[in-house]
Amino acid sequence: MQPLSALAVTPKRPKLRVGYLYFPNGVAKGGWEPEKVGGDGELLKLNKWMKDLEPFKEDILVARNIWTPRGNGHGAGTATWLTGGSYSGSRVSAGGASVDQIIARQVGKDTMLPSLDMSMKGEGYFSNSLPRNTISWVGEKLPATRDTNPRTIYDRMFRKASDGVTDKGVIDLVNGQAKSLKRRVGRIDQQKIDEYLESLRAVERRMEFAEKQADKSALSQVKGVEFKRPQLGIPDSHEDYMRTMMDLMVLGFWSGATRVGSLMLDHGQSNRYFDFIDGVRGTWHALSHYRDISGKTEDDDGVNSWKTVSEKRDMYNVITAWHNRQFAYMLGKMKSIDEGNGTLLENSMLLYGSSLGDGHAHGEENLPVVFAGGGGGTIKNGRFLKYRKNFSLSKYHLATMQRMGVGVEEFADAESPMSGLTKDV
Amino acid sequence: MEHPGSALIEHYCFDCHDSDTQKGEVNLEAALGAKPLVKNIDLWRTVIARVENSDMPPKKKPQPKPEEKRRLLNWLDSEINHFDYSQVDNPGYEPVRRLTHIEFSNTLRDLLGLDLNLVADFPIDLSGTSGFENSANTLFLQPILMERYLSAVDKAVEAAVPLDSKPSADSPVFVAWPSGKISEREAARKIIDRFMLRAFRRPPTEDEAKELHGVYARSRKAGESFEMAIRRALGAALVSPAFLLKSEIVQNTDESYQVSDYELACRLSYYLWASMPDDELFQLAAEKRLAKPGVLAEQVTRMLADPKAGTLGSVFAAQWLGFDALGVRVRLDPIDNPWCTDTLMAAMKKESAMVFTALVRENRPLKNLIDSKNTFVNEELAKFYKLKGVKGTEMRRVSHTDKRRYGLFGQASVLAVTSSPHRTSPIRRGEWILSSLLGTPPPPPPPDVGELDEEIEENRKLTFRQKLEMHSKDSRCNSCHREMDPLGFSLENYDWFGRWRTKSRGRTIDAKGKLPSGTEFEGPVGLREVILAEKLDDLARQVIRKMLSYGLGRQLEYYDEPAVRKILATFKKDGYRMQTLVREVVKSYPFQFRKNRVEPDNESKEVVKNG
């Protein structure tokens, strides 16, 4: 077996970044298959729903038959997309920490924010459901809280801490109080006090970094990274909102504020309306059950129904295509940033996809995923990974961790990393 | 020695459900090891239902002989449904937790005497399976929230301690002010000492006091003003874990023990007010008199009369019955639905909250939750209910004359949150009645059951009800749906937003309903009557379980059952009057005692419902 060190990126390159972009509700059967693939698996033409990704064919891998053996559904599947574990609602456990948080623990020591955990603000049912709103887990039972507000996220990265009452002295003081409290509460409560201590430490670190980082915002005017401090509140246009959030991740990566980012493009059972797109009716989740056109199931809104399955499926596909377009926007941004030794995209690894396969069948098999970015020159892109059998997403997670320098040989159900990133499958 | 029933489970179930396989997340090996079996009562009840119904083991697997099946079910029945709780002695343990956003906001309000609403930009409190936001196992404190806390604390002390003017005389913070009679130093000492006691909800330790006085002294020494130095000391107190976390101090014993008077004051205030104790409670705690039965009873009476007790309706009942989700859940296009305003939805929520609080304040019997004609409306909501003569935005008490609107089933809030946008859901309403309201949920759907499938789809001419009935004819679906659906159908005359209607999609509504017992009835009036006639005890048991769980800030465990039974006996004897419930929760063993715990409860796997 190849030694792990061989995979580690050479020091001359800028440091590798990892990003995770999650979307719910799966895709229509066939909606992820490329239209034309060469004899050696090269991507020749993507299907019409993925056409916005066409300019990035050489920067991505599309895969078939990726699955998550232990996680399924809108709730449990979302919560375990990045843990490879199984979800227990009664214990509020995802079976393990998630890959992004494990990496953040390893590499986040040197950045202002160990990770940037973001979500588009939810709408409708399940907007406060824990499993549907959580892909990142600091620990098996400790979900990472996610931020939905662009202005706040920007300020966390680029604004100096204000002259508040909480200075270094106060932090030292309450640190001491927490440690003293820890001795007086039950053993089982000590982890809660640790949670407090670690949060405080994170804030303190951020305050230290803030001084240096504040200068970087001035730099964000340079070519390719035009970015202003976002407006207050959530932008009205869903597209503006999503692109702003993507910009923030790009900005975080580029400025060095963080090397790990995740963005939930919606909560795990999104019933958002996409009627701002011409010809789309009904909620996303209702559309994902495209074989039932009556408009009268538990998932429907009672107003919309469809004439044919293909009409409904097309609307569902249009929503998928809309998200693909936003992802293409982000890829374009990352590709336009030259870091001296490769573009930001080449120095990143992105996972874009869903925890459901065919949205109607509701399965955890053949998940729609795109692996993007050059992995610092460690990935052979531009191919369709046509796995014949179910292939666990955990292997991709393991491969990512190893490239980020996390010294592990196994992750969840994966005993070896995904070799398809570098060679034919 | 292991019971033979245990061997049967091993023989017939372990193939798919031991610790290695755990199919469908069900691990019966672990569950069998967790004694007594009532520790996993929900899981075992599902097992009983599956085996009774012959859903499990699956048809293609070896089946138990009828004799074996009977033996297994008898054994589980005695272990689960007839477990002898008299051998259990455990008041449980309230874990350390952060305050919910509502509690944080209320506590700051009472602490500073200012209503600042600083939690609007906090990341939302997510809810898991426990139902209440105050449940310790879903309250996390991550860096993002810590940052929000710090910035809220900044704003709070800025507002509470003005730099260039003397603070208001009724500020609860400024118990002293430097003057000819009292030195700055002395005034600062008084202010900080008092503030610490109230913010920490207990007397500070010597070290804590010394440290905060040190913050003040250092600031003065650095040349900052008196006011600024006070700000810094108060700010440091508000960032302390003693303020941000609700924690109780353990005593070094394996036996159960009574919580301290200060801890009891806190349990009481967060239960009845979702906020910190007030001066009177602190005083009684300092005198170690609060736990005396007479004193405690008096305090409950006093606290219920306080406007802050409105949280029993706006937080407890809202989260129990689900109407807190209204507004988030309903998304309407304001152009097509100009009538559906944010203010209307706010009034709907307020109505249900106020009705519940009034039940408690006026010590009405529980049955009034179901059948009271009294309610609260403002002009907009009155118009919605077609009530005349109500003007203005203020909520006020009115009486319905239309019997169909009496009680909970007539309230728009719960009718809307149990519907889909634009369409009623008899299944969801039925499930809500059985699970949320009565605490008798149907077992989860059998494995691999599809949703309304193509067979139903083909019968497009049938009414919605007929379709659902078809689906309920499938014996595997039927076992639960014959319970849920008829309850929900009895409310079909209320549309998805709670408006009365007689027709749906051109067809006359059939609002006949049926209880699992077979009793037939019609419409909301009929539903009300049968619930009161046949289900009042279930309702009482459920409101006890929910209120105790909310009061304790944790999920109930099997060892809480003796307390639930004891409360139920007194509650029932007293004609289910609501204050008896509130008082019995306060008097209960788990509310006043605790026992140190080493391992978290509920560690064995349970059935997971996939979304």
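Source: prediction; values computed, not measured. A, B, ... follow the sequence lines: proteins, then strands. Residue 1 opens every chain. What you see below is based on every heavy atom in this structure, not just the backbone, and it leaves out hydrogens, waters and symmetry mates.
Looking at heavy atoms from C-beta onward, Leu130(A) lies in side-chain contact with Phe140(B) at the 4.5 angstrom threshold. Here the side chains of Thr205(B) and Arg184(A) are in contact, with some heavy-atom distance below 4.5 Å. No side-chain heavy atom of Val185(A) sits under 4.5 Å from any side-chain heavy atom of Glu248(B).
Between the side chain of Ser199(A) and the backbone N or O of Leu141(B) there is at least one donor-acceptor pair closer than 3.5 Å. The backbone N or O of Arg98(B) sits nowhere less than 3.5 Å from a side-chain atom of Tyr196(A) that would complete a donor-acceptor pair. In this structure, Asn128(A) contributes its side chain and Leu126(B) its backbone to no donor-acceptor pair below 3.5 Å.
Partners of Asp207(B) according to the side chain to side chain donor-acceptor pair (under 3.5 Å) rule, which considers only residues two or more places apart in sequence or in another chain, do not exist here. With sequence neighbours excluded, the residues forming a ring pair (Phe, Tyr, Trp, His ring centres under 6.0 Å) with Trp284(A) are Phe274(A), His323(A), listed by chain and number.
Across all non-hydrogen atoms, the minimal contact from Ile144(B) to Arg146(A) is CD1-C, 4.1 Å.
For Asp121(B), no part lies near chain A; criterion is any non-hydrogen pair under 4.5 Å.
Comparing Val239(B), Leu234(B), Ile124(B), Leu139(B) by how many heavy-atom pairs each has under 4.5 Å with chain A, the most go to Val239(B).
Between the side chains of Gln177(A) and Glu208(B), no donor-acceptor pair is found at a separation under 3.5 Å.
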